[in-house]
Structures are given as structure tokens and as C-alpha cells.
Amino acid sequence: MNMNDRKRQQQFAGIVLLLTAAALILIGLGLRDPWPADEPRFAQIAKEMVESGQWLFPTRGGEYYPDKPPVFMWAIAFFYVLTGSIHIAFLLPSALASLLTVFLVYDLGKRLWNESVGLTAGALLLFSVQFLLQSKTAQIDAMVSCWITIGCYGLLRFILIERRWLWYYLAFFFMGLGVITKGVGFLPVLMLLPYYFFQKTNTVNVTMHAQRYDVWRWLAGPIFMFLAIGLWLVPMLIQVELSQDPALIQYRDNILFRQTVTRYADSWHHLKPFWYYMVEVIPLFWLPVSVAVPWLLPKWYQAFKNCDARIILPASWILLLVLFFSISPGKRGVYILPALPMLVIISAPYVKELISKTSLPRLLWVVVAALSILCLGVGFAGLAKLTFLLELENKYGLSPWLFFLFIGALGVGISLFTVRKKIWQAWPLFISLLMVGYSTWGYVLLDDVKTPKNIFRNIQAIVKEQNVTIGLVNFSEQFILFSPYSVVHFGYHSELSEQINTAYHWLGKGDDARYVLVDEDNISGKCFDLQKAKPVGYAHRKNWILLSAEARKPECGLSALIPDLKIYRYEKAVATSSGLSHKR
């Protein structure tokens with residue numbers, strides 16, 4: 001095979017990789033609705049942006065949402081405008097960001113080593129559990145991981161491949177986009193710490209670094225980051241200052257301080273021990289690379305001894321990133337997703353050797369066989385109506401046993417098919433079929449369970465009046481997103497007692513037909529006659545009841561004086577836009 005034929009074959013392999021990534025990531029698009037915990041929130045915010053025309057200050061159900069900057073919600077809103085369907089739009093930003101991440105990893109591996117290493121790196125990322133799951137989830141993490149990967153790509157290309165300041169400044173600009181997507185977008189800058197250290201000690205080999213550089217060019221990088229941040233931050237701050245609206249001032253202070261420094265240093269939820277990522281996240285969710293680490297560690301150690309900056313800089317950055325998130329008391333598994341693209345970059349050069357000379361392929365084969373047998377066991381146990389599985393079936397109204405049997409049977413078939421051939425293929429084949437099954441049959445099975453659609457079907461069977469408004473107590477965003485009625489709520493962060501007080505007063509007023517939807521465990525018979533409550537079903541681990549004005553007791557110990565109550569109204573299809581908060 002001559003050089004041109006080999007080059008064309010490699011280019012074709014790159015196209016096949018990207019087409020495979022597109023197929024795995026995009027399959028199932030439009031087959032399911034937004035699922036808790038985060039997806040309904042972001043989808044609802046995006047809808048309100050489009051409907052109200054208010055893009056600077058995200059709102060959910062008319063109440064300002066200060067937990068995250070707006071870029072991810074902007075992306076969903078853009079695709080909502082483009083497609084006219086929130087059903088499709090909510091998953092597109094994560095999917096497209098993930099496709100771009102695969103390409104960046106492939107291209108960086110190709111430039112640092114060769115085409116073969118690039119293809120291996122892209123495939124390792126594509127078939128990683130956490131990456132695939134997040135690519136099919138409408139959470140912010142896939143997008144911020146993409147921006148962070150662009151930041152790392154730009155810095156590594158600048159430092160190791162071609163000393164063009166464009167890549168350095170591009171890296172910082174996308175760090176800025178990452179910050180206004182999710183505050184941690186600046187993390188690629190940590191790569192400059194090991195670069196500076198190893199340059200000072202003359203222990204790394206990097207291309208084109210011998211000459212002296214203008215210090216002002218280095219210092220100009222953060223300017224490009226702040227330019228990107230300013231695309232949202234400056235107009236937001238100006239609008240807050242001009243309005244002097246207390247709600248907007250509270251929004252500004254919350255998102256700039258409480259949701260950044262305070263959330264990192266003194267987190268109030270998702271509290272986990274320091275070793276959480278090393279013990280509970282990386283071993284499972286970073287498969288298949290995680291099982292290769294025992295064989296990769298000596299390779300990385302040798303690369304450090306040989307001063308190979310292609311390994312040293314990404315590896316050092318990965319350690320700094322995991323340490324950064326481990327120090328914070330608040331932890332979620334998806335926080336360390338941005339490290340995965342760099343991990344596959346430093347793993348890919350050794351994969352061919354590991355496959356041919358170690359027991360890694362057999363270990364992966366065992367993992368596939370064990371997961372397949374487990375799925376078969378769950379499927380047969382479910383069909384046999386074993387007690388603990390029957391309880392789950394009755395609780396959630398879900399019978400996925402044929403799905404488990406199907407996945408298990410396919411996995412066993414893959415294990416038998418690969419056992420005498422290239423057994424390393426067992427993992428990519430299994431994870432691909434698993435994700436295709438999950439993204440089609442699994443979506444159909446789970447959609448009713450993951451949404452409150454059954455609750456609203458039951459309400460529609462009970463409520464016959466026109467001009468109905470549903471009041472939500474201690475609500476989740478999916479109840480706004482899926483409601484066929486106009487809704488009000490009483491402040492997402494308000495105390496439960498305050499919400500019940502407001503709901504009690506609201507229910508007794510107005511000309512429209514009013515009902516309160518509440519979890520039965522959050523209401524007592526003190527203010528409401530629970531004999532007149534109407535059960536409307538089970539969703540999100542709670543039993544929900546509907547209260548009408550008739551269920552109000554005349555005396556319940558709540559203040560007879562109606563204070564300046566917080567009532568936020570969201571009209572079906574059209575969000576109110578004049579402040580979005582209505583006092584009644």
C-alpha cells in the first residue's frame with residue numbers, strides 16, 4: 001500500500017469514527033421528554049426565554065433562576081426557535097458539544113502522535129460510559145466539558161505543536177465561555193502550572209519553546225477570557241444597576257457569589273468524602289480506560305522519566321482537576337467529566353501494545369460477560385416475580401424485565417462471538433448495543449415513569465371546569481413543563497410552611513377554578529380536610545393529591561392577615577413578562 005492509499009484509508013477511518021459517534025449520540029433524539037433532575041428545569045427556562053423575550057435573566061415558572069449562568073439554556077432556546085419543538089431541542093446542545101469533543105480528541109491525538117493514535121483516542125472517549133451517558137443527557141456538563149476541552153486543545157497545540165498565539169487566545173476565549181456556562185470553565189488554565197514548573201526545571205521536551213517570549217502576550221490571555229465572560233456579564237450588570245429591582249440585585253449577588261465561591265468552599269448539598277471520585281466514580285464511569293490504569297501507570301511513569309510533555313502536561317492537569325473537585329465538600333460524579341478527554345489522549349498511544357501484550361482484553365471481556373449475565377439474571381428474576389423486584393415494579397409501575405433479558409442475551413452473544421477472535425471488541429460492541437437499546441426501547445419504557453404526565457392525565461379526568469389554574473407546593477420544574485394548565489407556585493426557595501400559607505390564601509380567592517397539587521407527605525389535616533383531597537397518582541417517589549377550595553378549613557392557625565405573598569404565575573404557552581412575579 002503506497003503512502004497516498006494509506007492516507008486515504010486513515011482519512012476514511014476518521015470519517016467512520018465521527019459518523020459512528022453521530023449515530024450513537026443522536027439516536028433516540030425526540031423519543032423522550034426531559035427527565036429529572038436537571039433536564040425539565042433547563043427546558044422550562046429555555047421555553048420561558050423564547051416566550052417572554054427575557055434572555056439575560058433565566059426564569060423558571062416566572063421566578064429568577066440564579067444557580068447557573070445562561071449559556072446552556074440559550075443553546076436549548078436557540079434550537080427551540082430553530083426546530084419549534086422543545087422535545088428535540090433540549091438534547092441537541094449536549095449531543096453536538098459531545099460530537100465536537102470527540103473530534104477535538106481525535107485531532108489532538110493525531111497532531112501529537114499520528115492518525116492511529118488520534119483514532120484510538122476518539123474511540124476510547126466515544127465508548128466511555130460517562131461520556132456517552134452525558135452526551136445523551138440535557139445537563140450542562142457535556143457542554144462545559146467541550147469548552148474546557150477546547151481550552152486544553154488550544155493550550156497544548158500552542159505549547160507542543162505550533163507556537164501560534166491564535167491557539168493560546170482561543171483557549172482563553174473558550175475558557176470564558178465555559179465560565180458563563182458553568183463557573184468552572186477556567187480550569188484549563190491549571191495546565192500552565194505544570195508547564196511553567198517543568199520549563200523552569202528544564203525537564204520537558206516541547207516543540208519550539210527555546211526562544212524568549214513577550215510576557216505581555218502571555219498576560220493578554222485572560223483578557224480574551226474576560227471578553228467572553230463579558231458577553232453576558234456586562235449587559236446583566238448594567239441591567240441590574242439600571243433597574244435597581246431587589247429581585248435582580250438578589251439574582252446578581254446569588255450567581256456571582258453564593259453559586260461560585262460559597263458553593264465550592266462551603267457546599268450545602270451533594271456532600272461526599274475526599275476520596276469519592278477515586279472510589280465511587282472513576283472505576284465504573286471511566287470504563288474502559290479505568291481498568292487499563294494498572295498497565296498504563298508504568299507507561300506514564302516512563303514518559304515522565306523521558307520528559308515527554310505530551311504525557312506530562314495532560315496528566316498533571318488531570319491530577320490537578322481531580323484534586324480541585326475533591327477538595328470541595330460538594331461533589332457529583334459528572335464534575336470530573338472534563339478530565340476524561342485528556343485521559344484518553346494520554347492513554348491512546350499505548351492501547352495497541354496493551355491489547356497485544358497484556359491481559360487487558362480478557363479483563364474487558366470478563367466485564368462484558370459479567371454485566372450480560374447480571375442483566376439476564378435481573379430479567380429472569382423479574383419475570384419470576386421475585387419479591388424485591390415485584391415491589392419495585394408495583395412502586396414505579398415499570399416492567400423492564402424483557403429489556404434486561406434482551407440486553408443480557410445480546411451481551412452473551414457478543415461474548416461468545418468475540419471469545420475466539422479479537423476479544424477487545426467485546427466492549428465497544430456491548431456498550432454500543434446497550435446505548436442503542438437504552439436510547440430507543442429504554443426511552444419508551446422510562447418516559448412515563450420519569451415524567452408527571454400520568455399525574456396530569458388523572459387531573460384531567462377529575463377536573464371538568466374551564467379556566468383552571470394549578471398551584472404547586474414544593475414543586476419540581478417538570479410539573480410546570482408538562483402541565484396542560486396555567487400554573488402558579490409560591491417560591492422555589494421559600495420555606496414549606498410559607499408555601500402552604502400562601503397556597504391556603506390563594507386557593508380561597510379568584511374567579512378561576514383553582515386547585516393545589518401537593519405531595520401528601522407535605523400537607524397536614526390542620527388547614528385542609530384531607531378527606532376531600534383527591535389522589536392523582538405516584539410520580540418522582542411521591543404520592544400526589546389535588547386540593548380544591550372546598551378542602552380548605554375555615555380555621556387552621558395560619559395568619560388571617562395576608563402578607564406580601566410571593567406568587568409566581570406561568571401561563572400555559574405564554575409566560576408573563578412584566579417582572580414575572582405577581583403579588584396578590
Side-chain angles (χ1 to χ4, degrees), residues 3 6-7 10-11 13-14 17-18 100-125 145-175 177-178 187-215 217-222 224-225 299-300 302-304 306-318 320-321 338-352:
M3 187 67 68
R6 182 173 298 165
K7 186 175 180 180
Q10 290 175 339
Q11 289 173 340
L17 169 67
L18 295 176
L100 178 55
T101 306
V102 171
F103 171 77
L104 291 167
V105 165
Y106 156 70
D107 189 67
L108 186 58
K110 179 177 69 174
R111 292 177 186 277
L112 290 175
W113 283 277
N114 53 50
E115 182 82 24
S116 177
V117 171
L119 289 168
T120 302
L124 279 176
L125 182 64
S145 180
C146 179
W147 302 151
I148 290 174
T149 302
I150 296 176
C152 293
Y153 176 98
L155 291 178
L156 289 171
R157 187 160 178 175
F158 171 71
I159 294 169
L160 301 178
I161 300 170
E162 51 181 325
R163 188 65 68 153
R164 293 178 61 195
W165 289 97
L166 167 68
W167 295 113
Y168 180 73
Y169 297 138
L170 187 74
F172 272 91
F173 183 83
F174 276 92
M175 289 185 219
L177 281 186
L187 286 172
V189 78
L190 295 178
M191 195 175 289
L192 295 179
L193 296 177
Y195 173 68
Y196 178 79
F197 173 78
F198 289 116
Q199 281 286 83
K200 280 290 186 182
T201 56
N202 295 312
T203 56
V204 295
N205 300 324
V206 292
T207 305
M208 301 170 60
H209 74 281
Q211 71 231 47
R212 298 175 70 86
Y213 293 102
D214 185 354
V215 67
R217 285 188 170 185
W218 285 95
L219 295 177
F224 286 85
M225 180 168 67
K299 304 294 183 184
W300 294 334
Q302 190 61 43
F304 270 74
N306 294 337
C307 303
D308 189 344
R310 298 173 299 179
I311 301 297
I312 290 174
L313 294 183
S316 301
W317 180 78
I318 291 167
L320 288 171
L321 182 142
L340 191 53
M342 291 301 105
L343 180 65
V344 301
I345 286 287
I346 63 174
S347 303
Y350 311 109
V351 165
K352 280 190 176 180

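Computed from a prediction, not measured in an experiment: that's the story for all the values here. One-based numbering along the sequence shown.
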**Message:** I'd like to know if the side chain of Trp317 and the backbone of Leu187 have a donor-acceptor N/O pair within less than 3.5 Å.
**Reply:**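 Pair found, side chain donor or acceptor close to backbone of Leu187.
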- Task: Without swapping roles, check the side chain of Trp113 against the backbone of Leu108 for a donor-acceptor pair under 3.5 Å.
- Result: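 A pair under 3.5 Å: no.
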Margin query: Does either side chain, that of Glu115 or that of Tyr106, offer a donor lying less than 3.5 Å from an acceptor on the other one?
Written below: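 Yes - a donor-acceptor pair under 3.5 Å links their side chains.
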Expected list for residues 116-124: side-chain donor-acceptor pairs under 3.5 angstrom, two or more places apart:
residue, atom, partner, partner atom, Å
Ser116, OG, Lys352, NZ, 3.1
Thr120, OG1, Ser116, O, 2.9

First locate atom [atom1] of [X], then atom [atom2] of [Y], and finally report the distance between them rounded to the nearest 0.5 Å.
X: Met342; Y: Ser145; atom1: CE; atom2: OG; result: 9.0 Å
X: Leu320; Y: Met191; atom1: CG; atom2: CE; result: 9.5 Å
X: Ile312; Y: Phe304; atom1: CD1; atom2: CZ; result: 5.5 Å

Exercise. Report yes if the distance between the aromatic ring centroids of Trp218 and Phe158 is under 6.0 Å, otherwise no.
Key: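 Aromatic pair counts; centres sit under 6.0 Å.
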Under 6.0 Å between the ring centres of Phe172 and Tyr168?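 Yes, the ring centres sit under 6.0 Å apart.
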(request) Identify, with sequence neighbours excluded, every residue that meets ring-ring contact (aromatic ring centres under 6.0 Å, His included) alongside Trp147. (result)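 Trp147 satisfies ring-ring contact (aromatic ring centres under 6.0 Å, His included) with Phe174 only.
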Measuring only between side-chain heavy atoms, which start at C-beta, is Leu104 closer than 4.5 Å to Pro341?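 No, too far: nothing below the 4.5 Å cut-off.
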_Between Val102 and Leu18, does the side chain to side chain contact (heavy atoms under 4.5 Å, CB included) criterion hold? Intermediate values first, please._
CA-CA 8 Å; Val102 171; Leu18 295 176; 4.2 Å; yes
Review point. Who pairs with Trp167 by side chain to side chain donor-acceptor pair (under 3.5 Å), at least two apart in sequence or on another chain?
Key: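 Checked Trp167 against side chain to side chain donor-acceptor pair (under 3.5 Å); matches are Glu162.
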